[in-house]
Amino acid sequence: MHIIKAQEMMEGSGVTVRRLFPFYRDRLVADPFVLWDDFSIGEGAGFPTHAHRGFEAITYLFSGSMNHADNLGNDSTVKPGGAQRFTAGKGIEHSEMPGSDGVTTGIQLWINLPQSMKQIDPGYQQVNAEDIPQQVINGVTVREIVGGHSPVQLKTPVRYAEIRMTQGSEYTIDVDNGMQGIIYLQNGNININDQQLSAGDAMQVSQGEQAVLRAEESSRIMLALGKPLHETVRLSGGFVD
């Protein structure tokens with residue numbers, strides 16, 4: 001299990017992100033996942049209209065609100081605990097702008113589409129917080145953003161979850177079904193299999209591995225697991241070919 005660290009940078013129009021990947025244009029750090037941005041959007045900042053192709057993306061909010069508007073005619077605003085999914089497929093143009101005053105925070109995750117699906121029609125889905133399944137056990141709250149009984153729909157098999165842990169709680173993750181991915185610490189302080197993570201760190205995990213999480217303080221963790229495609233990729237701005 002290998003730890004990778006996010007790097008702070010600017011994106012869009014005045015948006016600060018902690019980017020976990022990509023840092024290479026021709027290979028994926030965590031196949032099938034393409035991009036991971038932990039974003040913070042202040043007043044006057046955002047992502048004006050731009051184009052995408054060749055992947056799917058999920059924007060999941062922690063605070064504030066985010067308006068998505070696209071050339072398919074979709075125009076809606078998601079609030080904390082909700083998700084917006086778009087399928088870029090053969091091409092989509094959209095904007096993502098904060099829908100309220102204050103700071104908007106969350107994660108944007110890009111998931112690669114296999115070559116056989118690169119030219120599918122684009123699409124969009126919004127799922128509000130109350131519709132995302134949530135379970136609380138022994139001080140651990142797990143929200144299944146994708147997978148399980150979540151209504152969020154992707155073209156490829158993925159498990160994506162927000163895990164909130166109270167101080168002193170434990171949670172075990174078993175990686176199976178041919179999946180691999182990351183366990184990302186968004187805030188707090190956790191120990192995974194006796195390795196310490198700080199905010200902005202992620203541990204890469206693979207099929208057959210078990211990760212035992214112990215929270216040193218109240219923490220938010222994001223889990224992303226998917227089946228690797230093992231395909232060559234070319235990243236160019238908002239295009240994944």
Side-chain angles (χ1 to χ4, degrees), residues 1-9 16-24 28-40 58-63 80-81 83 103 105-111 129 132-148 150 152 157-228:
M1 292 184 179
H2 176 65
I3 293 177
I4 54 178
K5 296 180 178 291
Q7 298 181 24
E8 187 170 298
M9 59 184 63
T16 301
V17 304
R18 287 192 301 197
R19 176 162 293 173
L20 196 60
F21 50 79
F23 293 110
Y24 308 96
L28 301 185
V29 173
D31 185 9
F33 304 116
V34 178
L35 175 141
W36 183 280
D37 276 351
D38 182 350
F39 60 81
S40 178
I58 298 173
T59 300
Y60 181 76
L61 282 200
F62 302 137
S63 68
V103 177
T105 62
I107 301 287
Q108 183 163 101
L109 170 63
W110 294 9
I111 306 103
I132 292 181
Q134 177 173 300
Q135 187 177 34
V136 182
I137 301 176
N138 298 326
V140 179
T141 301
V142 180
R143 309 192 77 241
E144 297 287 353
I145 304 164
V146 181
S150 172
V152 178
V158 165
R159 183 189 177 197
Y160 184 37
E162 177 191 20
I163 303 166
R164 296 195 300 266
M165 302 179 67
T166 58
Q167 184 175 9
S169 62
E170 294 189 6
Y171 183 71
T172 299
I173 298 168
D174 292 301
V175 184
D176 52 16
N177 297 323
M179 291 191 168
Q180 64 180 21
I182 61 163
I183 302 168
Y184 175 77
L185 179 59
Q186 199 275 330
N187 66 37
N189 192 341
I190 63 170
N191 180 296
I192 303 180
N193 294 0
D194 297 323
Q195 295 191 65
Q196 202 71 28
L197 272 70
S198 301
D201 292 348
M203 179 169 284
Q204 294 182 286
V205 292
S206 302
Q207 179 182 355
E209 294 181 332
Q210 183 181 80
V212 180
L213 284 60
R214 297 182 175 87
E216 307 293 337
E217 58 185 83
S218 294
S219 302
R220 174 188 282 126
I221 300 100
M222 303 297 291
L223 170 68
L225 300 175
K227 290 190 177 181

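Note that the structure is a prediction, hence the values are computed from the model and not measured.
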* Could you walk me through whether Tyr160 and Ile107 pass the side chain to side chain contact (heavy atoms under 4.5 Å, CB included) test, one step at a time? => CA-CA 11 Å; Tyr160 184 37; Ile107 301 287; 3.4 Å; yes
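- Put simply, CG on Leu61 and OG1 on Thr105 are 7.5 Å apart, with the number rounded to the nearest 0.5 Å.
- With values rounded to the nearest 0.5 angstrom, Met179 atom CE is found 9.5 Å from Arg159 atom CZ.
- A distance-only check finds a donor-acceptor pair linking the side chain of Gln204 to the backbone of Val29 [under 3.5 Å].
- For the pair Asp38 and Tyr184, the minimum side-chain heavy-atom distance is below 4.5 Å.
- Separation of atoms CD1 (Ile111) and CG (Leu28) is listed at 12.0 Å; rounding is to 0.5 Å.
- Of the residues listed (Ile190, Leu213, Ile192), the one engaging Leu185 in a side chain to side chain contact (heavy atoms under 4.5 Å, CB included) is Ile190, and it is the only one.
- Side chains of Tyr171 and Leu223 form no contact here, defined as non-hydrogen atoms less than 4.5 Å apart.
- Remark: side-chain polar atoms of Arg18 are paired, donor with acceptor, to backbone N or O of Gln186 under 3.5 angstrom.
- Counting only residues at least two apart or on different chains, the salt bridge (Lys or Arg N to Asp or Glu O under 4.0 Å) pairs with a member in residues 186-207 are Lys5-Asp201.
- Using a 4.5 Å cut-off on side-chain heavy atoms (C-beta onward), Met222 and Ile145 make contact.
- The shortest side-chain heavy-atom distance between Gln135 and Glu144 does not fall under the 4.5 Å cut-off.
- In this structure a side-chain-to-backbone donor-acceptor pair under 3.5 Å is missing from Asp37 to Gln108.
- Rounding to the nearest 0.5 Å gives a distance of 14.0 Å between CD of Glu170 and CD1 of Ile137.
- Going from atom CG of Leu197 over to atom CE of Met203 covers 5.5 Å, rounded to the nearest 0.5 Å.
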* To do: Given side chain to side chain contact (heavy atoms under 4.5 Å, CB included), test Leu109 with Tyr60 step by step and report yes or no.
  => CA-CA 8 Å; Leu109 170 63; Tyr60 181 76; over 6 Å; no
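- Counted by atom type alone, Gln210 and Asn193 present zero donor-acceptor pairs between their side chains at under 3.5 Å.
- In this structure, the side chains of Ile183 and Ile163 stay at 4.5 Å or more apart for every pair of heavy atoms.
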* Asked: Does the pair Gln196 and Asn189 meet the rule for a side-chain hydrogen bond (donor to acceptor under 3.5 Å, both in side chains), with working shown?
  -> CA-CA 8 Å; Gln196 202 71 28; Asn189 192 341; 2.6 Å; yes
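- Residues Leu225 and Phe33 come closest through the heavy atom pair C-CZ, 3.5 Å.
- In this model, no donor atom of one side chain and acceptor atom of the other lie less than 3.5 Å apart for Thr16 and Ser40.
- Nearest heavy atoms, Ala30 versus Gln180: C-NE2, 4.4 Å.
- The heavy-atom pair separating Ile58 from Ala83 by the smallest distance is CG2-CB, 4.2 Å.
- No hydrogens or angles considered: a donor-acceptor pair under 3.5 Å links the side chains of Gln134 and Arg143.
- For Thr166 (side chain) and Gly139 (main-chain N/O), a donor-acceptor pair under 3.5 Å exists by modelled atom type.
- Of all heavy-atom pairs between Ser63 and Val103, the closest is OG-O, 3.4 Å.
- Glu217 places a side-chain heavy atom less than 4.5 Å from the side chain of Ser219.
- Closest heavy-atom contact between Gly226 and Pro32: C-CD, 3.8 Å.
- For the pair Trp36 and Val17, the minimum side-chain heavy-atom distance is 4.5 Å or more.
- Going from atom CD of Gln207 over to atom CG of Asn177 covers 8.0 Å, rounded to the nearest 0.5 Å.
- In this structure the side chain of Val212 reaches within 4.5 angstrom of the side chain of Arg214, judged on heavy atoms.
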